Amino acid sequence: MTKSVGIDLTLSAHWRADDGKKSPYLPEDALEFGWLGHLVPALERIPGYRARLLEEGELSQALTDVDVLLLPVPRGAADRELSAADLDRLRAFVESGGGVLLFGDSAQPGSAEAVGQVPLLPGTIIAERLVSGPRPVPDSHLLTYGLDVTAIPGHPATAGVSSVYVYQARALQGTGALLPLVVGAGEVLAAARGSGAGRIAAVGNGTMFSLPHLGRGSNTRFLVNLVRWLAGDEGDDASSAKAADDIAGCLRFRTRPFSSEPDLKRVSGPHLVDVSEHRPLFEAVAARPLPDPYGSQDAFLTEAELRFHELPRAVRQAVVRFTQQSNDYGALLVKGLPVDPLLPPTPADPRERVHTDRKLGELWLAAFASALGSIFAYRQEKQGLLFQNVSPTPHNAANLSSESSSMLLDFHTETAFHPYMPDYVMLHCLRPDHERVAKTIVSNVRMILPELSLRDRTTLFEPVFRTGVDYSFGSANGTRGNGPVLPVLYGSPYDPQMTVDLDLMVGLTPAADRALRAVQEAVNSTKRWVTLDHGDLLIVDNRRSVHGRSEFTARFDGQDRWLQRACVTRDLARSAEDRQTGGRVLTTSFAV
């Protein structure tokens with residue numbers, strides 16, 4: 001007999017399954033924050049179960065044809081309280097054999113809305129404070145709100161559950177009449193009880209079942225067990241284990257669609273800034289004499305920063321927004337910047353300092369960099385030049401190098417192995433390739449995540465990947481896995497950052513190998529590209545996007561593709577030990 005699960009999010013301002021729903025607790029670009037739309041296809045992986053989201057006003061009708069109801073705990077002015085009539089219907093539903101899973105959320109500590117009375121469980125509340133524990137050594141003096149906590153054995157809901165991962169969890173207080181299911185840091189985090197012919201379970205915070213966390217620990221198995229127990233369906237551990245494995249290992253979830261157009265120049269949006277309508281102003285900003293960017297570096301950088309403030313407000317606003325929120329592509333393309341009209345030949349040796357008449361390439365790199373952070377360089381890259389030439393050379397045509405041309409430069413985080421990798425990489429085109437076929441390709445973590453299973457996402461947050469040191473930093477060409485061990489994903493679980501180098505990174509476990517292959521497939525299926533033309537400036541968010549470059553034909557005739565590149569950090573002071581006092585060139589060395 002088919003069991004039916006209803007999920008009612010209509011009372012909650014926090015939880016959502018509707019792309020267009022606005023919430024006072026929803027950061028604009030944290031696409032998965034509060035998202036529970038994935039629970040319908042997830043629960044339908046349980047044999048004999050169907051699930052649906054309830055629309056507003058459906059609760060009273062739905063209680064006549066569902067076996068289990070998932071319901072957030074209303075907790076404040078932004079939520080709609082259950083009416084007295086709805087509470088009576090819920091009590092009758094449970095007493096006659098129905099099951100209800102009640103769950104809280106992660107309202108900010110100290111908020112007047114943080115404490116919630118749990119419906120159907122008189123005297124039970126969701127506590128205000130978040131449950132915390134010590135971080136792993138060496139950060140044991142710090143607390144973390146992400147914890148692996150203990151499942152209490154002996155209850156059907158915890159069968160096969162080793163540990164549960166909770167994030168920003170809240171304790172249940174006043175649980176004397178409830179049977180604890182999950183405990184951590186001395187607090188009850190999930191509990192249950194029978195009521196009449198039915199059953200009730202409560203979870204302090206439903207984030208353990210949200211997208212970033214459902215694949216961690218035994219969270220998926222715990223959810224499957226809970227739903228089956230609430231439905232009075234306690235048998236067949238093997239099918240529960242298989243359903244949990246299918247949910248974690250097979251399902252991918254998309255919170256909203258992305259444009260399928262691969263050419264970034266053909267997609268409108270905040271990633272694209274066309275300065276052609278402001279051309280006279282840009283020409284005026286560029287017309288005045290500039291200090292020498294190589295001989296009077298500090299004076300040049302100061303002047304460039306001041307000139308950025310003379311640019312149109314719309315252009316400056318686009319850059320500021322990018323630094324604050326990034327975007328779906330993790331790249332900002334500024335089209336149509338003025339270029340020196342009389343360019344010298346493309347440098348045969350990218351390490352040389354090429355002096356152009358008006359220094360416009362260096363001006364735009366330095367000006368836009370000043371709004372992003374601080375421009376800097378590495379001693380091993382182009383002899384420490386702040387403004388680096390990227391052009392093809394015959395001897396590196398087939399090496400893993402920015403000087404290559406005949407091979408694909410695969411997706412990578414810039415200097416993924418380095419303790420001070422850039423936050424942004426800037427590429428300014430002075431001259432495109434002859435055939436204009438060289439594509440600069442990008443793939444962003446926000447587009448990659450929906451292509452990954454929950455299990456692989458969990459693995460990618462673990463430090464089980466070893467990257468390699470770049471060829472230009474002294475490593476033999478193509479050597480994999482001779483750099484540091486690190487996770488691929490890090491930061492906010494709802495809008496993570498990413499470090500990956502598909503040419504040089506290896507997984508240290510079978511699960512890590514599998515996850516890395518999944519990333520390779522995901523970046524190739526979500527990749528976007530741009531063919532850079534005269535005056536185009538591409539700014540890549542190096543913490544959220546990987547980038548690469550397609551093959552092209554180099555003629556070595558002085559008219560080959562010529563980009564200028566610069567690296568930017570948001571915190572130059574962090575690398576002070578590895579720079580000469582007051583300098584911008586990092587001298588970090590690597591034992592390879």
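Since the structure is predicted, the reported quantities are computational estimates derived from the model, not experimental observations. Position 1 is the first residue of the sequence; numbering continues from there.
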Which heavy atom of [X] sits nearest a heavy atom of [Y], and at what distance?
X      : Y      : answer
Arg561 : Leu532 : NH2-CD1, 4.3 Å
Met426 : Val568 : SD-CG2, 3.6 Å
Val506 : Gly481 : CG2-CA, 3.9 Å
Gly330 : Ser545 : CA-OG, 3.1 Å
Arg254 : Pro450 : CG-CB, 3.5 Å
Ile375 : Ala566 : CD1-CB, 3.6 Å

Side-chain touch [X]/[Y], heavy atoms, less than 4.5 angstrom:
X      : Y      : answer
Leu43  : Val227 : yes
Pro72  : Phe103 : yes
Val523 : Ile448 : yes
Thr569 : Pro422 : no
Leu572 : Arg584 : yes
Leu449 : Val445 : yes

Lys/Arg-Asp/Glu bridge criterion (N-O < 4.0 Å) met for Asp328, Arg256: yes
The salt bridge (charged side-chain N to carboxylate O under 4.0 Å, His left out) partners of Glu462 (sequence neighbours excluded) come to none
In short, side-chain hydrogen bond (donor to acceptor under 3.5 Å, both in side chains) pairs touching residues 152-167 with sequence neighbours left out are Ser162-Ser218
Do side-chain atoms of [X] reach the backbone of [Y] as a donor and acceptor pair under 3.5 angstrom?
X      : Y      : value
Asn444 : Arg544 : yes
His412 : His547 : yes
Asp423 : Arg543 : no
Asn225 : Trp229 : no
Arg579 : Val585 : no

Residues 183-192 vs salt bridge (Lys or Arg N to Asp or Glu O under 4.0 Å), sequence neighbours excluded, gives Arg129-Glu187
By ring-ring contact (aromatic ring centres under 6.0 Å, His included), Phe417 pairs with (sequence neighbours left out) Phe473, Phe590
With sequence neighbours left out, the residues meeting ring-ring contact (aromatic ring centres under 6.0 Å, His included) with Phe376 are Tyr378
Partner of His213 under ring pair (Phe, Tyr, Trp, His ring centres under 6.0 Å), picked from Tyr145, Phe222, Tyr494, is Tyr494
- Message: Could you walk me through whether Gln380 and Ser472 satisfy the side chain to side chain donor-acceptor pair (under 3.5 Å) test, starting with their C-alpha distance in whole Å, then the side-chain angles of each, then the deciding distance to 0.1 Å, before giving a yes or no?
- Response: CA-CA 6 Å; Gln380 297 93 333; Ser472 56; over 6 Å; no
Step by step, would you call Val164 with Met208 a side-chain contact (heavy atoms from CB on, under 4.5 Å)?
CA-CA 8 Å; Val164 175; Met208 69 174 68; 3.9 Å; yes
Show the numbers, then the answer: is there a side-chain contact (heavy atoms from CB on, under 4.5 Å) between Val319 and Phe368? CA-CA 8 Å; Val319 179; Phe368 282 86; 3.7 Å; yes
Please step through side-chain contact (heavy atoms from CB on, under 4.5 Å) for the pair Tyr424 and Arg570, ending with a clear verdict. CA-CA 9 Å; Tyr424 302 99; Arg570 301 188 77 162; 3.5 Å; yes
- Exercise: do Ser12 and Asp105 side chains pair donor with acceptor under 3.5 Å: no
Without hydrogens or angle criteria, can the side chains of Thr588 and Asp578 be said to hold a donor-acceptor pair below 3.5 Å? yes
Are more than 12 heavy atoms, taken from residues, nucleotides or ligands other than Lys242, located less than 6.0 Å from that residue's NZ atom? no
Across all chains, not counting sequence neighbours, the side-chain contact (heavy atoms from CB on, under 4.5 Å) partners of Arg514 are Arg455, Asp456, Thr459, Ala511, Arg517
Worksheet item: Can you check whether His14 and Phe33 have ring centres sitting under 6.0 Å from each other?
Response: yes
| field | Phe253 ring center near Trp35 ring center (under 6.0 Å) | value | no
Walk me through whether Arg228 and Ser240 qualify under side chain to side chain donor-acceptor pair (under 3.5 Å). CA-CA 9 Å; Arg228 295 192 72 168; Ser240 291; 2.8 Å; yes
